[in-house]
Amino acid sequence: MEIFTYKNKKINIIYNNDNESFNTASLLKEKLTEKGYIIPKKYDYDAMINICVGGDGAFLRAVHDYGFPEIPFVGVNTGHLGFFQEISPNNLEEFINALDKQDFTIDSLYLVEALVCTRTSCIELIGVNEIVVKGIQSKTIHLNISINDTYLERFSGDGVIISTPMGSSAYNFSAGGSIVYPTLGVLQLTPLAPINSKVYRSLTTSAIIPINMIVNLSPEYRDENSILIVVDGKQHKYENIVEINLKISDMKLQLLNLGKHNFWSNVRNKFL
Ligand code: NAP
Ligand code: MN
């Protein structure tokens, strides 16, 4: 948590491509303009806040589209699960009042980072929820997994999820992983349909990896060209992958906290 000072009155409103999000964004723009805020026509890299109207998917896309900005995000949820969103379209007034009084704090979210090295070059990827390493066209893949240079296992199965604490309630949760409190600096390595037989042996449960430790995934030679990397739901395909190193990023993502978000009540409300 840190104190936030306004550097200007510019607010970006980013909205999902559906009627409710469009209407909510229009209303929000009207109300904010009345209060003297400036809503730039195009995304402004110097704005003080990014408001994202939609669901978690819209939020994740906005973060990626604008290159993981330092500008804090706040979400308005329009008819989706909205795990990241704190505002509902019927409490816009309350939100604007809080904004006026600077009655909020800022949370920093841990991000997951991957360095994907092929035979010729390395590419960096970054995720808010998770980075998934799996086989293309539903193939079984075989990955040698090491943690900080200590060999752990030869994984065989659909793939693995490397999730952030915030992403622990997303794909990770569906795959049987645990929900992790967002302030904990850990990654979760969760297997996807691990094979356990007389031929293959893989961990069947998640492993929790502390900050500063590196998860190294080296696909077997025959799998070099059958690997898909999925970052927050977006697919990336590279030829001749030799290794993938994953860790908690030094970069963080800022999220406005209006004091309405109690993590555990959010878990109850959204999942139970
Ligand atoms: P999507 O298919 O709409 O996402 C699936 C669901 O996950 C949506 O209901 C989404 O919320 C929710 N979600 C996203 N981030 C979450 C989080 N941190 N905690 C709890 N729920 C969360 O696709 P999308 O909206 O573009 O989201 C991409 C994410 O989908 C990926 O990062 C991955 O975690 C997740 N995913 C899940 C599965 C699975 O559970 N089997 C498979 C593939 C991908 P909204 O309805 O608000 O968008
Ligand atoms: Mn979605």
Side-chain angles (χ1 to χ4, degrees), residues 14-22 24-25 50-66 68 73-89 107-114 125-138 157-194 206 227-237 246 248-249 252-257 260-272:
I14 305 153
Y15 53 90
N16 201 26
N17 184 23
D18 62 73
N19 280 336
E20 197 191 342
S21 299
F22 175 80
T24 305
N50 285 336
I51 302 179
C52 191
V53 185
D56 294 324
F59 166 71
L60 295 170
R61 277 186 294 280
V63 172
H64 283 273
D65 286 353
Y66 298 109
F68 288 81
F73 277 88
V74 61
V76 181
N77 188 33
T78 47
H80 306 267
L81 181 75
F83 199 76
F84 287 97
Q85 285 77 28
E86 239 190 307
I87 309 161
S88 100
D107 290 339
S108 291
L109 301 188
Y110 287 107
L111 301 169
V112 54
E113 183 181 291
L125 297 171
I126 183 152
V128 180
N129 272 346
E130 77 283 292
I131 297 182
V132 184
V133 177
K134 60 193 290 195
I136 51 164
Q137 292 156 352
S138 308
D158 283 3
V160 293
I161 301 172
I162 293 91
S163 138
T164 62
M166 232 11 219
S168 66
S169 50
Y171 198 0
N172 170 73
F173 183 62
S174 310
S178 293
I179 287 178
V180 175
Y181 198 77
T183 55
L184 296 176
V186 295
L187 290 177
Q188 192 165 175
L189 172 69
T190 298
L192 286 167
S206 296
I227 286 186
L228 200 60
I229 301 177
V230 191
V231 183
D232 295 337
K234 189 160 180 262
Q235 293 192 5
H236 300 261
K237 170 92 183 70
L246 299 116
I248 292 185
S249 177
K252 295 264 190 111
L253 192 70
Q254 318 278 15
L255 210 60
L256 234 65
N257 181 338
K260 294 172 136 298
H261 239 168
N262 175 310
F263 180 76
W264 298 117
S265 67
N266 204 23
V267 169
R268 185 186 63 234
N269 293 335
K270 305 284 178 180
F271 290 99
L272 301 169

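Here the structure is a predicted model, which is why all the values come from computation and not from measurement. In each ligand, atom 1 is the first atom listed, and ligand 1 is the first ligand listed.
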Report the part of Ala170 (side chain from C-beta onward, or backbone N, CA, C, O) that has a heavy atom under 4.0 Å from ligand 1; answer both or neither where that applies. both

Does ligand 1 have any atom sitting under 4.0 Å from a heavy atom of Phe84? yes

May I ask whether Lys270 has any heavy atom positioned less than 4.0 angstrom from an atom of ligand 1? no

Does any N/O atom on Leu81 come nearer than 3.5 Å to any N/O atom on ligand 1? yes

For atom 34 (O) of ligand 1, what is the closest protein heavy atom, and at what distance to 0.1 Å? Glu130 OE1, 2.4 Å

Any protein heavy atom nearer than 4.0 Å to atom 39 (C) of ligand 1: yes

Can you list every side chain to side chain donor-acceptor pair (under 3.5 Å) pair that touches residues 50-66, not counting sequence neighbours? Asn12-Asn50, Tyr43-Asn50, His64-Asp232

When the side chains of residues 171-185 are checked against the rest of the protein, which donor-acceptor pairs come out under 3.5 Å, sequence neighbours left out?
unit_1 : atom_1 : unit_2 : atom_2 : d
Asn172 : OD1    : Thr190 : OG1    : 2.6
Asn172 : ND2    : Ser168 : O      : 2.9
Asn172 : ND2    : Ser178 : O      : 3.1

Please check whether Ser174 reaches ligand 1 - meaning an N/O of the residue sits under 3.5 Å from an N/O of the ligand, judged on distance alone. yes

Compute the shortest N/O to N/O distance between Leu60 and ligand 1 and return yes if it is under 3.5 Å, no if not. no

For this output row, return yes or no: ring centroids of Phe271 and Phe83 closer than 6.0 angstrom. yes

Which protein non-hydrogen atom lies closest to atom 26 (O) of ligand 1, naming both residue and atom, and how far is it? Arg61 NH1, 3.5 Å

Any N/O of Asp56 closer than 3.5 Å to an N/O of ligand 1? yes

Would you confirm whether any non-hydrogen atom of the protein falls under 4.0 Å from atom 2 (O) of ligand 1? no

Does Tyr171, backbone or side chain, put an N or O under 3.5 Å from an N or O of ligand 1? yes

Is there at least one pair of N or O atoms, one from Phe271 and one from ligand 1, spaced under 3.5 Å apart? no

Look at the aromatic rings of Tyr15 and Phe22 and report parallel, tilted or perpendicular, splitting at 30° and 60°. perpendicular

In ligand 1, which numbered atoms sit nearer than 4.0 Å to a non-hydrogen atom of Gly57? 24 (P), 25 (O), 26 (O), 48 (O)

For ligand 1 and Phe83, I'd like to know whether there is a polar contact (N/O to N/O, distance under 3.5 Å). no

Verify atom 30 (O) of ligand 1: protein non-hydrogen atom under 4.0 angstrom away: no

Please indicate, with yes or no, if any protein heavy atom is found under 4.0 Å from atom 6 (C) of ligand 1? no

